[in-house]
Amino acid sequence: MNIVSKRTLIKFYELCPKTKTALEVWHSDARKADWKTPSDIKQLYSSASFLKDNRVVFNIKGNDFRLIVYIDYPRKIVRIKFIGTHSQYDKINAQEI
């Protein structure tokens, strides 16, 4: 998959270094993946949650952090929409971010 805006992940883990390894692993996994459907994601990330409009929520670093992405499956594009703590996630509308 092609990840749009890795810089968003880098900026986040520069502010919160304890997330660097987990986010780099997620990025590496996503780049190597060939996700065609949500089922493909579930095989690798069983805790992923699926929202409307092809948005996916990944739990990062033992569910301390949340990563929301939009996936264009036919074009193999993953666009990062949000990364934050669990409490920050609770304050946003994940369907609209």
Side-chain angles (χ1 to χ4, degrees):
M1 305 297 288
N2 297 306
I3 315 301
V4 175
S5 196
K6 181 181 181 186
R7 185 78 190 131
T8 302
L9 299 179
I10 293 169
K11 284 181 179 180
F12 188 81
Y13 68 61
E14 285 174 347
L15 293 173
C16 189
K18 65 182 176 180
T19 63
K20 181 177 182 176
T21 300
L23 290 172
E24 288 289 343
V25 168
W26 176 87
H27 184 267
S28 177
D29 289 347
R31 285 202 59 213
K32 294 175 192 171
D34 184 20
W35 295 327
K36 293 180 175 67
T37 67
S39 297
D40 295 335
I41 295 170
K42 276 290 194 185
Q43 290 177 9
L44 186 59
Y45 289 97
S46 60
S47 65
S49 301
F50 300 92
L51 309 174
K52 68 179 182 177
D53 190 33
N54 290 328
R55 292 171 187 260
V56 183
V57 180
F58 293 93
N59 297 320
I60 303 294
K61 198 164 178 359
N63 201 24
D64 290 340
F65 300 88
R66 297 285 178 93
L67 172 66
I68 302 173
V69 302
Y70 162 80
I71 300 179
D72 182 336
Y73 293 98
R75 293 183 181 154
K76 302 185 183 305
I77 296 171
V78 177
R79 183 175 309 274
I80 297 167
K81 302 299 261 178
F82 170 87
I83 177 71
T85 65
H86 198 275
S87 62
Q88 289 169 326
Y89 172 85
D90 288 341
K91 294 175 184 172
I92 64 161
N93 183 339
Q95 302 281 359
E96 294 179 3
I97 198 161

Any chance you could lay out the side chain to side chain contact (heavy atoms under 4.5 Å, CB included) test for Ile83 and Tyr13, step after step, and finish with the verdict?
-> CA-CA 10 Å; Ile83 177 71; Tyr13 68 61; over 6 Å; no
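Annotation: side-chain contact (heavy atoms from CB on, under 4.5 Å) contacts of Asp64 (sequence neighbours excluded): none. Applying the salt bridge (Lys or Arg N to Asp or Glu O under 4.0 Å) rule to Asp72 yields the partners Arg75; only residues at least two apart in sequence or on another chain are considered.
The distance from the CG atom of Asn59 to the CZ atom of Arg66 is 4.5 Å, given to the nearest 0.5 Å. How far CZ of Phe82 is from CG of Asn93: 11.5 Å, rounded to the nearest 0.5 Å. In this structure, the separation between CG on Asp53 and CD on Glu96 is 10.5 Å, given to the nearest 0.5 Å. Note that CD1 of Ile92 and CD1 of Ile97 are 4.0 Å apart. Values are rounded to the nearest 0.5 Å. Between the CD atom in Glu24 and the OG1 atom in Thr19 there is a gap of 9.5 Å [rounded to 0.5 Å]. In this structure, OH in Tyr89 is found 5.5 Å from CD1 in Ile68, a value given to the nearest 0.5 Å.
Between Ile10 and Lys6, some side-chain heavy-atom pair lies under the 4.5 Å cut-off. You'll find the side chain of Asp34 stays beyond 4.5 Å of the side chain of Asp40, heavy atoms only. Between Val56 and Val78, the closest side-chain pair of non-hydrogen atoms is not below 4.5 Å. Within the 4.5 Å cutoff, the side chain of Phe50 has no heavy atoms near those of the Ile71 side chain. The side-chain heavy atoms of Val69 and Arg55, taken from C-beta on, include no pair separated by under 4.5 Å.
Distance alone, capped at 3.5 Å, is enough to place a donor-acceptor pair between the Lys42 side chain and the Ala48 backbone.
Under the 4.5 Å side-chain heavy-atom criterion for grouping Ile, Leu, Val, Met, Phe, Trp and Tyr, Tyr73 is connected to Leu44 within one hydrophobic cluster. Linking ILVMFWY residues whenever their side-chain heavy atoms come closer than 4.5 Å, directly or via other members, leaves Tyr70 and Ile60 in distinct clusters. Under the 4.5 Å side-chain contact rule for hydrophobic residues, Ile41 and Leu9 share a cluster. Follow the hydrophobic side-chain contacts under 4.5 Å out from Ile80 and you reach Phe58 in the same cluster.
For Lys76, the NZ atom sits in a packed shell: over 12 heavy atoms of surrounding residues, nucleotides or ligands are nearer than 6.0 Å.
Trp35 and Trp26 have tilted rings, their planes meeting at an angle from 30° to 60° on a 0 to 90° scale.
Side-chain N/O atoms of Tyr45 and Asp29 include a donor and acceptor closer than 3.5 Å.
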